[in-house]
Amino acid sequence: MPRVLSIAGTDPTGGAGQAADLKSIAAMGGYGMNVITAVVAQNTKGVIDIHTPPVRVLRAQLEAVSSDVTLDAVKVGMLGSVEVIEAVRDWLAEVKPPVTVLDPVMVATAGGRLLRAEAQTALLSLLPFADLITPNLPELAVLAGAAPAGTWTEALRQGQDVAERFGTRVLVKGGHLPGARTPDALLEPGRDEPVIVFDDPRVATSNTHGTGCSLSCAIATVVARTGDWVGAVSTARSWLRGALEHADGLHVGRGNGPVHHFHHAQHVLVDTDSHGRFTDALWRDCEGVRGEIDTLDFVAQLGNGTLPSETFQWYLDQDRQYLAVYSRALAALAAAAPSESARAFFAHGAAEVVTVESALHRTRLHGAPPQPASEVTKTYSDFLLAATGSETFAVGAAAVLPCYWLYAAVGGALTEKARAAGLEPHPYGDWLATYNAPGFHLATERAKDIVDRAAATADPVTRRRMREVFMRGCELELRFFAEPVRRAGARPFAVASTHRVC
Ligand SMILES: Nc1ncnc2c1ncn2[C@@H]1O[C@H](COP(=O)(O)OP(=O)(O)O)[C@@H](O)[C@H]1O
Ligand SMILES: Cc1ncc(COP(=O)(O)OP(=O)(O)O)c(N)n1
């Protein structure tokens with residue numbers, strides 16, 4: 001779970017600033033922490049008063065958290081004054097968080113300055129410390145030293161200018177443009193064209209308080225988990241869209257109300273056992289992670305056959321190491337299974353993983369020796385062995401389920417796409433065939449059945465634990481799928497392969 005720190009001001013109505021940040025981090029599956037820069041008396045109608053605590057207290061908060069907790073990402077929001085900006089800049093320079101997202105907050109949309117006019121220049125000195133900045137159009141204009149953009153083309157030009165000048169990614173947000181659409185574009189220094197442009201219809205609501213805070217924090221959280229900026233913006237945007245679509249149902253305040261940060265988790269409040277299968281609830285739980293998997297470069301390239309062979313080789317090498325552990329986890333479940341049929345199923349699965357799936361790896365890897373296991377491979381392996389070796393059978397069965405279910409879903413979806421695109425023969429056809437085989441889908445259904453049966457007789461604490469480990473397994477699958485491309489982008493490949501596989 002990524003540990004994400006928000007450095008921002010407060011909002012007692014809970015829609016923007018710290019409150020929005022903590023909700024967004026949690027909604028994206030992170031552990032949120034907060035350092036307060038300013039106490040703001042505001043509501044959905046505007047800003048009434050601001051108290052800035054002594055900068056000594058800010059420094060002490062920053063020191064308290066970073067001396068104790070390893071930070072996976074930092075989001076910087078409202079800073080307010082030159083002294084605060086300088087203290088945060090010094091801290092960033094010293095701590096060097098792995099991911100820093102800066103939302104250069106200046107004015108609340110409902111009205112009221114949140115950054116003193118004389119602090120705008122000081123804010124520029126913070127930009128090079130950010131991996132991504134997320135200005136709205138008026139803020140972008142200040143950073144670019146220009147008048148607010150009246151068109152999307154002008155906004156992109158200002159964004160590119162800021163990206164080049166400060167050497168950082170910029171998310172240009174079109175929320176403040178008039179019109180029926182809300183485009184956003186991710187820009188990087190050194191590239192003339194946006195990395196990606198998103199363009200969706202505007203959600204018909206005036207309850208948009210805190211959208212900028214929420215989006216930036218959600219991106220920081222997802223990127224801390226996957227290292228994939230495009231996927232993180234895409235995931236955060238589609239989640240925010242849902243939050244805007246459900247905002248009118250909140251009835252908070254008389255002005256521009258907040259968005260519904262937990263719109264996607266409402267079903268958790270319902271007793272899922274009386275509303276369909278337990279595994280249906282698990283599938284809904286992991287909807288966000290499934291969406292993230294679908295947008296990964298690795299999955300897209302595997303499907304359309306453009307994945308570089310070195311990247312696939314590295315993935316397969318990690319996968320064969322993982323499968324050796326998975327087979328042991330299934331064998332442990334076979335030993336603990338409460339029924340003969342479950343025992344037979346997992347014992348057969350343990351053998352099958354070794355014979356069928358590993359055969360694919362042996363053929364593809366041509367006897368190449370294993371490379372060091374990645375952190376993700378090790379974490380996933382440890383998690384499976386712990387869940388199947390030290391927890392109850394019900395919990396262990398839920399922990400191994402994502403590996404069946406997500407692979408069957410990805411294998412099925414990619415095979416369909418490859419067929420529709422006429423990709424025959426497909427360079428990774430044998431991989432797709434393994435995970436789209438009728439036998440594999442049948443095994444997935446059987447594994448779901450076993451989990452449903454185990455949940456039916458489990459107590460509420462065990463059922464909650466089953467949901468936790470299932471989600472953890474899904475998140476580790478996401479990281480496992482993200483790792484090959486993330487790693488290939490991060491440094492040259494260490495796998496010396498003399499064989500082309502496609
Ligand atoms: N009514 C809306 N419908 C859909 N997306 C919106 C809407 N309003 C804002 N957004 C999105 O919310 C995010 C933040 O929006 P923006 O208003 O530009 O920033 P800020 O909240 O910082 O002023 C952007 O991704 C933008 O596209
Ligand atoms: C304490 C605090 N920080 C930031 C904002 C601005 O919020 P933002 O998400 O940019 O959205 P708007 O509500 O201004 O559209 C704030 N109000 N308070």
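Counting starts at 1 for both ligands and their atoms, following the listed order.
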Kindly list each side-chain donor-acceptor pair under 3.5 angstrom involving residues 245-259, sequence neighbours excluded, with atom names and distances?
unit_1	atom_1	unit_2	atom_2	d
H246	ND1	G242	O	2.8
D248	OD1	T205	OG1	2.6
D248	OD1	N207	ND2	2.8

Next on the checklist: Suppose we measure from atom 24 (C) of ligand 1 to each protein heavy atom; which comes out shortest, and what is that distance?
Outcome noted: D184 OD2, 3.4 Å

Checklist entry - Are any of the side-chain nitrogens in K173 or D184 under 4.0 Å away from the carboxylate oxygens of its partner? => result no

Checklist outcome for this item: Under 4.0 Å between heavy atoms, the region of V203 that gets near ligand 1 turns out to be both

Checklist entry - Is R157 salt-bridged to E154, going by a charged N under 4.0 Å from an acidic O? => result yes

Next on the checklist: For T208 and T211, which I'm curious about, is there any donor-acceptor pair between the side chains at under 3.5 Å?
Outcome noted: no

Item to check | Distance from atom 23 (O) of ligand 1 to nearest protein heavy atom, with residue and atom | outcome: H176 NE2, 2.7 Å

Checklist entry - Between D90 and R59, does at least one N-O distance fall below 4.0 Å, as a salt bridge requires? => result no

Checklist entry - Between R486 and E483, is there a salt bridge with N-O shorter than 4.0 Å? => result yes

Checklist entry - Just checking, is any N or O donor in the side chain of K75 or S6 under 3.5 Å from an acceptor N or O on the other one? => result no

Next on the checklist: Using a 4.0 Å cut-off on heavy atoms, what residues surround ligand 2? Order them by chain and number.
Outcome noted: G9, T10, A16, G17, Q42, M78, V105, A108, T109, L114, H209, G210, T211, G212, C213

Next on the checklist: If the cut-off is 4.0 Å to any non-hydrogen atom of T109, which atoms of ligand 1 fall inside it?
Outcome noted: 23 (O)

Next on the checklist: T208 versus ligand 1: do any nitrogen or oxygen atoms come within less than 3.5 Å of each other?
Outcome noted: no

Checklist outcome for this item: Heavy-atom proximity to atom 21 (O) of ligand 1 ranks first, among A247, A243, G212, A20, for G212

Checklist entry - In terms of atom number and element, which parts of ligand 1 are under 4.0 angstrom from non-hydrogen atoms of R202? => result 1 (N), 2 (C), 3 (N)

Item to check | Among R472, R465, R464, side chain to side chain donor-acceptor pair (under 3.5 Å) partner for E468 | outcome: R465

Item to check | Which residue and heavy atom of the protein sit nearest atom 22 (O) of ligand 1, plus the separation | outcome: K173 NZ, 2.9 Å

Item to check | side-chain contact (heavy atoms from CB on, under 4.5 Å) involving P201 - partner list, sequence neighbours excluded | outcome: R181, R241

Item to check | Heavy atoms from other residues, nucleotides or ligands near OH of Y31 exceed 12 (cutoff 6.0 Å) | outcome: no

Checklist entry - Does an N or O anywhere in T211 fall below 3.5 Å from an N or O of ligand 1? => result yes

Would you list the atom pairs, donor with acceptor, under 3.5 Å between side chains in residues 105-121 and any protein atom, with sequence neighbours excluded?
unit_1	atom_1	unit_2	atom_2	d
R113	NE	L115	O	2.8
R113	NH2	L115	O	3.1

Next on the checklist: Looking at non-hydrogen atoms alone, which of L240, L244, V259 comes nearest to atom 6 (C) of ligand 1?
Outcome noted: L244

Checklist entry - Do any N/O atoms on T205 end up under 3.5 angstrom from N/O atoms on ligand 1? => result no

